[in-house]
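The structure is given below, and queries will be raised subsequently.
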Amino acid sequence: MSDKPNKLITDDGLRLDGRRADEIRPMKIEIGVLSRADGSCYLEWGRNKILVGVFGPREAHPRRLQRADAAVIRYRYNMASFSVEDRARPGPSRRSIEISKVSREAFEPVIMAELYPKTAIDIFVEILQADAGTRTAAINASSIALADAGIPMKGLVTSCAFGKVDGQIVLDLNKEEDNYGEADFPVALTQDGEITLLQMDGHLTPEEIKKGFELVKKGCKEILEIQQTVLRKKFETPVEEPEAEPEAKTVDTESEAAETEPSLEYAPEAAAVEETIEEAEELEEEPSEETTKAGAVTETVPEAEELEEIVKEAEVEVVDGEAIEEAIEAESEEEAIEAETEEEAIEAETEEEAIEAETEEEAEEAETEEEAEEAETEEEAIEAETEEEAIEAEDESKGPWKVVKDPSESGSRGENDE
Ligand code: CDP
């Protein structure tokens with residue numbers, strides 16, 4: 001226990017915690033803090049810290065306690081052993097039983113117990129930290145917890161104490177004022193101003209009690225405003241559904257955009273892959289010069305018509321030519337097969353080729369199959385006149401492939417890859 005200070009009220013009229021005589025300690029309230037309770041409240045008032053849980057109306061047990069005409073109200077005030085400077089003995093005490101009784105009676109006038117016969121309404125108060133005025137603080141918290149539980153009440157109950165300190169009447173005593181003051185006078189009021197709790201510890205004159213009551217009314221009015229503000233904040237908060245829908249749509253849009261983003265990111269890559277595949281297919285299907293020419297003939301109608309005309313003219317010339325049969329006979333079978341294509345036919349049917357084929361020497365030279373094969377083209381036939389030249393030509397044709405398969409080059413790639 002701390003020693004008594006010389007003065008509890010300074011010469012400036014201020015108390016040790018800086019308050020004036022008619023001021024209450026700062027109050028903080030949280031509602032609905034216990035999920036398993038029907039109603040709950042956590043309240044801090046100065047250095048007091050209190051937790052209240054309300055259960056019911058629920059079937060009263062044991063049944064012998066049931067009332068046929070109304071609900072039974074049970075109020076249990078419990079002080080945690082760690083809530084005070086000196087350890088509080090666990091379990092009920094004369095003090096806690098007394099406080100529980102007077103606090104229950106403070107609510108009986110306002111709770112509409114007649115609506116719930118054979119039931120019980122339980123109010124559990126846990127004092128977590130005590131600093132004088134715990135019963136009044138517990139009543140204020142219980143009032144909010146009852147409202148949070150939906151218990152029908154005629155109104156809220158507010159409670160505050162006044163006392164006498166250094167010969168002055170002050171409101172809402174703190175621990176030092178309660179311990180070293182001359183009087184402590186807790187009061188509970190309904191919203192209609194009716195007194196539901198009144199206790200006195202100490203000595204007070206009627207004038208001092210009257211003055212003290214004026215302070216209590218002022219204090220309870222301030223507390224009632226705090227209680228109502230907290231309850232309105234929970235039960236009267238408007239639900240802005242029209243604004244919630246656009247937000248939801250916005251979220252959906254963002255989520256949809258997020259879902260489409262990956263596809264957008266991958267789209268260019270997929271397109272590049274597709275282009276690469278198409279290019280590879282084009283390279284694989286890239287036609288030879290003959291096919292290209294043939295394709296050009298089929299695709300471009302005017303050129304095809306011209307070619308047809310040239311073919312017809314050549315055919316006419318071939319028909320008219322007396323040496324055409326000889327030229328045809330001079331042509332090898334492979335040349336004839338290859339000449340089945342339009343282009344070869346066109347090339348073979350040109351006048352120059354026809355004239356060249358007319359010569360018997362060329363026909364005789366083409367009589368041998370090997371020469372005929374090597375002479376599929378005029379240049380190749382000329383170059384293949386000798387076997388060595390033909391071999392050189394073959395080497396040249398194979399040259400590029402050998403370069404590609406050069407092991408030294410492939411080895412350098414491997415080094416680069418590493
Ligand atoms: O708390 P309240 O003023 O309603 O009741 P009290 O009996 O006048 O107690 C005044 C204060 O004394 C309590 O708030 C506690 O801080 C303190 N006290 C204590 O330290 N040890 C106890 N066993 C009981 C009360």
Side-chain angles (χ1 to χ4, degrees), residues 1-5 8 15-17 19 21 23-29 41-52 75-107 123-145 157-166 168-189 195-204 208-209 212-213 215-216 219-220 222-223 226-227:
M1 297 293 289
S2 60
D3 296 333
K4 178 182 179 181
L8 294 172
R15 297 149 72 175
L16 295 181
D17 55 9
R19 290 182 293 155
E23 292 179 346
I24 62 173
R25 290 171 286 183
M27 185 178 288
K28 174 186 174 184
I29 297 175
C41 175
Y42 172 73
L43 182 144
E44 291 182 1
W45 193 5
R47 287 195 289 255
N48 288 313
K49 296 184 178 181
I50 296 165
L51 185 62
V52 177
Y75 191 108
R76 195 203 71 171
Y77 171 100
N78 183 61
M79 180 173 277
S81 59
F82 53 81
S83 63
V84 293
E85 189 173 354
D86 297 328
R87 179 179 179 273
R89 185 178 180 183
S93 63
R94 288 186 59 183
R95 177 178 172 273
S96 65
I97 293 171
E98 171 214 328
I99 294 176
S100 296
K101 177 183 180 294
V102 297
S103 298
R104 173 177 54 80
E105 293 174 346
F107 283 99
I123 306 166
F124 294 97
V125 174
E126 298 293 332
I127 307 300
L128 305 177
Q129 185 170 291
D131 193 64
T134 56
R135 75 190 69 195
T136 55
I139 289 172
N140 293 326
S142 298
S143 186
I144 297 173
V157 177
T158 56
S159 181
C160 189
F162 73 90
K164 186 177 180 181
V165 176
D166 288 351
Q168 296 188 29
I169 302 299
V170 296
L171 183 64
D172 184 24
L173 304 180
N174 61 28
K175 183 68 165 42
E176 290 78 10
E177 293 170 344
D178 183 270
N179 288 346
Y180 306 111
E182 292 92 19
D184 180 18
F185 201 111
V187 177
L189 300 176
I195 299 171
T196 59
L197 180 144
L198 190 150
Q199 294 182 294
M200 187 176 75
D201 180 15
H203 300 279
L204 294 169
E208 292 173 336
I209 294 174
F213 256 99
L215 294 178
V216 164
C220 286
E222 295 175 3
I223 294 167
I226 296 171
Q227 291 172 316

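If you read the sequence from its start, that first residue is 1, and numbering goes on from there. Order of appearance sets the numbers: ligands from 1, and atoms from 1 within every ligand. What you see is a predicted model; the values in this text were computed from it and never measured.
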**OP:** Heavy-atom distances under 4.0 Å are what count here, so tell me which part of A130 touches ligand 1: side chain, backbone, both or neither.
**Re:**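 For A130, backbone and side-chain atoms both sit under 4.0 Å from ligand 1.
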Original post:
Where's the contact between D131 and ligand 1, heavy-atom distance under 4.0 Å: side chain, backbone, both or neither?
Top reply: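 Near ligand 1, D131 shows its backbone, while the atoms from C-beta on stay back.
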Original post:
Is it the side chain, the backbone, both or neither of T134 that has a heavy atom closer than 4.0 Å to ligand 1?
Top reply: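 The part of T134 near ligand 1 is both the backbone and the side chain.
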Original post:
Between V187 and S159, which heavy-atom pair has the shortest distance, and what is it?
Top reply: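 Distance-wise, the nearest heavy atoms are O-OG, 2.8 Å.
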**OP:** Give the residue and atom name of whichever protein heavy atom lies nearest to atom 12 (O) of ligand 1, and the separation in Å to one decimal.
**Re:**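 Here the nearest protein heavy atom works out to K175 CE, 4.0 Å.
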Original post:
Ion pair present between K49 and E126, side-chain N to carboxylate O less than 4.0 angstrom?
Top reply: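 No, no charged N to carboxylate O under 4.0 Å.
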Subject >> Non-hydrogen atom of D86 closer than 4.0 Å to ligand 1 >> reply: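 No; D86 lies far enough from ligand 1 that no heavy-atom distance drops under 4.0 Å.
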Original post:
When the ring planes of F185 and F213 are compared, do they come out parallel, tilted or perpendicular, using 30° and 60° as the limits?
Top reply: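 Correct class here is perpendicular.
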Original post:
So which heavy atom in the protein is nearest atom 19 (C) of ligand 1, and how far is it from that ligand atom?
Top reply: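 Nearest protein contact, heavy atoms only, for atom 19 (C) of ligand 1 is V84 CG1, 3.5 Å.
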Original post:
Which of these, P186, G133, S93, S81, has its nearest heavy atom closest to atom 3 (O) of ligand 1?
Top reply: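 Ranked by closest heavy atom to atom 3 (O) of ligand 1, first place is G133.
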Original post:
What is the distance from atom CD1 of I50 to atom CG of N140, rounded to the nearest 0.5 Å?
Top reply: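 CG of N140 is found 8.5 Å from CD1 of I50.
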Original post:
Counting heavy atoms only, which of R95, R87, R47 comes nearest to atom 5 (O) of ligand 1?
Top reply: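 Result: the heavy atom closest to atom 5 (O) of ligand 1 is in R95.
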**OP:** Taking only Lys NZ, Arg NE, NH1 and NH2, and the carboxylate oxygens of Asp or Glu, determine whether R94 and E98 approach each other closer than 4.0 Å.
**Re:**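 Judged by the 4.0 Å cut-off on N to carboxylate O distance, R94 and E98 do not form a salt bridge.
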**OP:** Could you tell me the separation between the CD atom of E44 and the CG atom of D131, rounded to the nearest 0.5 Å?
**Re:**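 Separation between the atoms: 12.0 Å.
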Original post:
Looking only at N/O atoms, are A132 and ligand 1 under 3.5 Å apart anywhere?
Top reply: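 Yes; at least one N/O pair falls below 3.5 Å.
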**OP:** Please report the closest heavy-atom contact between I139 and A106, naming both atoms and the distance.
**Re:**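 Looking at all heavy atoms of both residues, the closest pair is CD1-CB, 4.3 Å.
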Subject >> Atom indices of ligand 1, in the order listed, that fall short of 4.0 Å to a heavy atom of R135 >> reply: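 Those of ligand 1 that fall under 4.0 Å from R135 are 2 (P), 4 (O), 5 (O), 6 (P), 7 (O), 8 (O).
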Original post:
How far is atom 23 (N) of ligand 1 from its nearest protein heavy atom, and which residue and atom is that?
Top reply: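 Minimum-distance protein heavy atom for atom 23 (N) of ligand 1 reads M79 SD, 4.5 Å.
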Subject >> Heavy-atom nearest neighbour in the protein, as seen from atom 10 (C) of ligand 1, with distance rounded to 0.1 Å >> reply: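 Ranking protein heavy atoms by distance from atom 10 (C) of ligand 1, first comes D178 OD1, 3.4 Å.
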**OP:** Applying side-chain contact (heavy atoms from CB on, under 4.5 Å), run through L173 and V165 and close with a yes or a no.
**Re:** CA-CA 9 Å; L173 304 180; V165 176; 3.8 Å; yes
